[in-house]
A.B. asks: 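Here it is, the structure, as structure tokens.
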Amino acid sequence: EWLQRSTSTPIQAVLNDELDQANAAAKRLLLLLAMHYQELKLNVFNRAIRIQLAPFLLRLSKLLGFEGYALYLANDANMTLANMTLRPNSHATPITPLEVLMFGDASIPPFDIVACGAAALDQPHWPDLGAEGLLFPALHALLAVYQTTCSMHGTARYIAVVEVLALHNWDLARLQVLPSPLRLYIQAALIGCPSELPTHWEVDAYKLVQRADLIQQRLAAEGTPPVALKAFVTPDQGVLHGSNDGTECATPVSKLRFALDRRMSEFRRLLCSATPQTVIVQHSNDISDHDLLAEQRLHLSVMAQRTMALAMGRGMLTMHTGQAVPTQKLTLPVLELAGKVPPNGAGISLNFEELPQDLLDWPKFHHGAALGARVVPQLGHHKADWTPWLDASDVAHEHAGYLLSMALSGHLDSLGKMDIYHLLSQGHVTTCIGLLLGLATSKRGTMDPETSRMLSIHIPSLRPPSSTDVDIHGYIQSAAVVGLGWLYAGTGHRRTIEVLLSEYSRQSPSLGSLKIDVGAYALSCGFALGLLLLGKGDAMPGLADLGLTDRLLLFVEGGRKTQRHFDAVNAETSTRTRVREGVEVNTTKLAPGALMALGMVHFNTRNEAIAKRLALPNTKYLLESMTAQTILLKVVARNLILWSEIEPTCAWVEQQLPGLVAPFHIDEPGPDVSPGQATSFRHIHNSIVAGACFLIGLRFAGTCNEEACQTLL
């Protein structure tokens with residue numbers, strides 16, 4: 001006020017001009033620092049520097065009257081506005097579009113490069129940073145992406161994102177330090193790029209989308225020597241495996257075939273069973289600790305079923321990839337069924353007292369089989385590898401599976417008689433199964449006399465009449481029957497066929513105190529019959545008087561038992577069992593095995609007469625009288641006969657559905673029927689579709705048929 005009263009107008013004008021210049025310089029400084037603040041936000045490792053810069057920016061924005069920007073800084077840096085009153089400033093009104101972008105106004109909030117993300121692409125206009133953009137390369141690059149792609153959609157936008165980033169010399173390492181929202185958006189753009197990319201791109205653009213094949217083509221077109229492929233392979237840092245997880249399969253062939261992606265690492269991660277599973281259960285706060293532990297164990301039991309099933313896939317992944325040393329024992333991988341509970345990683349285990357005692361028998365068997373499958377078949381006799389396991393009772397089931405794999409690879413061809421006797425005399429069920437199946441399969445189709453005698457002592461019909469009844473477990477009898485089918489596979493041996501038919505029609509294949517499942521034993525006999533006459537049909541000479549097809553059809557369709565179809569051997573065993581069958585054929589137990597035999601015997605013969613008799617009925621009564629297993633196997637057996645007519649289309653799958661079942665889908669209500677019938681027909685529908693999908697996978701296995709893949713999906 002004193003200056004206004006005591007000075008002349010020229011002096012006041014000079015002071016006002018200097019004040020305007022100082023204010024403009026301060027605004028210029030604030031603008032540059034605000035852009036630098038956004039630049040720091042584009043690197044997650046610069047957070048400490050950004051937090052140190054925020055208080056100064058806050059005070060400067062308050063002095064210049066940018067109230068909205070001051071509030072933004074306070075919220076972004078988690079600072080307080082206490083003891084800092086905002087003072088209005090007549091010179092604080094933004095005048096340039098860039099200042100409006102950075103500091104906001106009454107209609108728009110201040111600009112945040114991270115918060116806007118993909119939503120910023122909808123902005124119609126973006127101000128140019130001008131010369132200042134060279135000082136802030138990351139901010140300049142992302143604003144260029146926004147400016148270029150704001151009016152684009154779909155793959156055109158994705159391609160534009162890659163081109164702009166490559167123009168600003170960005171690489172994959174630079175993307176890793178971006179904040180999560182921006183990194184995910186750009187990665188989505190990189191993944192969304194089409195497979196057919198522009199041919200005029202530079203090498204940096206192809207590196208962003210990880211197309212090393214196109215890099216090689218570009219360098220070859222330019223006459224540049226090709227760059228080594230390993231220069232574009234990212235190191236395997238995502239999965240940390242121990243030396244005992246059973247998934248090591250890094251062969252030279254796999255390294256060459258899959259050098260440019262991480263599919264092998266992903267397969268190993270999915271098939272590894274050596275690490276505890278993370279158990280996450282959503283629960284309310286009022287649940288007791290006892291109930292919470294019960295829920296966690298229930299969830300862990302479901303996850304354990306998946307873990308126990310991994311051995312099959314792991315065996316196929318690592319098959320014949322391990323070079324074992326004959327003088328060293330192989331190390332068994334860990335089958336980890338325990339879990340851990342976040343956030344502290346507390347351990348939790350299954351309560352095996354409440355679970356069936358034989359729950360882990362077959363998972364352990366497959367676990368050992370996966371280990372044996374890793375050994376290459378050229379190593380010869382591996383007696384030194386598995387002999388130390390014979391006395392280890394805690395790995396007996398794993399050892400049985402290991403024996404099966406060793407036999408399948410031919411490692412046990414020279415196994416001595418005393419060794420076989422020692423293994424079989426222990427009476428361990430899974431060990432006997434693994435050895436019988438392994439030795440028989442390794443000598444498939446040879447009719448080896450020694451192996452045949454070994455199998456015969458486990459099949460009642462092949463033992464001498466004067467022999468003493470021996471209690472043999474039902475699983476071992478079933479394995480011996482299947483082994484007999486492999487040993488005589490494709491030979492059409494008449495005596496073996498007669499024995500299998502006799503065993504198939506036996507009312508109760510149990511002896512002594514050890515009962516066996518009649519349905520499982522009949523299924524084994526049917527599979528063995530199919531192996532003996534695979535694809536032979538009715539053209540096999542010397543078997544016409546057996547009436548094989550008529551017998552099998554009787555087991556499928558049902559009817560009265562006759563002396564021709566059920567031999568007198570049933571009378572011999574009827575006094576040894578309490579099972580009393582009626583005069584009608586028990587199709588529930590006998591039909592599945594007969595269906596397997598019919599499908600394999602008449603495989604690809606296109607016998608329309610038999611295929612017609614195996615077609616599914618179209619009446620409610622007949623459909624509901626069959627089990628789901630029988631329905632599925634009828635679809636499989638019929639189309640094994642009509643093998644060449646299988647098509648990889650949804651229309652072919654729908655052709656397998658009877659007209660009565662077709663309207664019943666999983667997610668659609670059925671026609672006017674009772675709820676119970678609707679549920680029953682949905683199960684029938686699912687069984688038919690499952691059988692058809694299995695046939696498509698079997699018919700086009702290893703062909704990479706895209707149509708079949710899409711149909712199954």
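Nothing fancy with the numbering, it's 1 onward along the sequence.
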A.B. asks: Within the distance-only criterion (no hydrogens, no angle test), does the side chain of Arg314 pair as donor or acceptor with the backbone N or O of Leu271 below 3.5 angstrom?
C.D. replies: yes

A.B. asks: Any donor-acceptor pair under 3.5 Å linking the side chain of Gln477 with the backbone of Tyr521?
C.D. replies: no

A.B. asks: Please tabulate, one pair per line, all N/O donor-acceptor pairs under 3.5 Å involving side-chain atoms of residues 630-638, not counting sequence neighbours.
C.D. replies:
from	atom 1	to	atom 2	distance (Å)
Thr630	OG1	Thr627	OG1	2.8
Arg638	NE	Ala611	O	3.4

A.B. asks: For the side chain of Asp358 and the backbone of Asp361, is there at least one donor-acceptor N/O pair under 3.5 Å apart?
C.D. replies: no

A.B. asks: Give a yes or no answer on whether the side chain of Thr587 reaches the backbone of Gly558 with a donor-acceptor pair at less than 3.5 Å.
C.D. replies: no

A.B. asks: Could you tell me whether the side chain of Ser405 and the main chain of Tyr402 form a donor-acceptor pair under 3.5 Å?
C.D. replies: no

A.B. asks: Looking at Arg494 and Glu498, does any basic side-chain N land under 4.0 Å from a carboxylate oxygen?
C.D. replies: yes

A.B. asks: Looking only at atom types and distance, does a side-chain atom of Tyr504 sit under 3.5 Å from a main-chain N or O of Ala594, one as donor and one as acceptor?
C.D. replies: yes

A.B. asks: Judged by atom type as modelled, is there a donor-acceptor pair below 3.5 Å linking the side chain of Ser625 to the main-chain atoms of Leu622?
C.D. replies: yes

A.B. asks: Under a 3.5 Å distance rule, please check whether Thr446 uses its side chain to pair with a backbone N or O of Lys443 as donor and acceptor.
C.D. replies: yes

A.B. asks: Does His397 use its side chain to pair, donor to acceptor, with the backbone of Gly368 at less than 3.5 Å?
C.D. replies: no

A.B. asks: Using the six-membered ring wherever Trp is involved, compare the ring planes of Trp362 and Phe365 and label them parallel, tilted or perpendicular (cut-offs 30° and 60°).
C.D. replies: perpendicular

A.B. asks: Are any side-chain N or O atoms of Arg699 and backbone N or O atoms of Ile696, one a donor and one an acceptor, separated by less than 3.5 Å?
C.D. replies: no

A.B. asks: Are any of the side-chain heavy atoms of Arg613 and Val556 separated by less than 4.5 Å?
C.D. replies: no

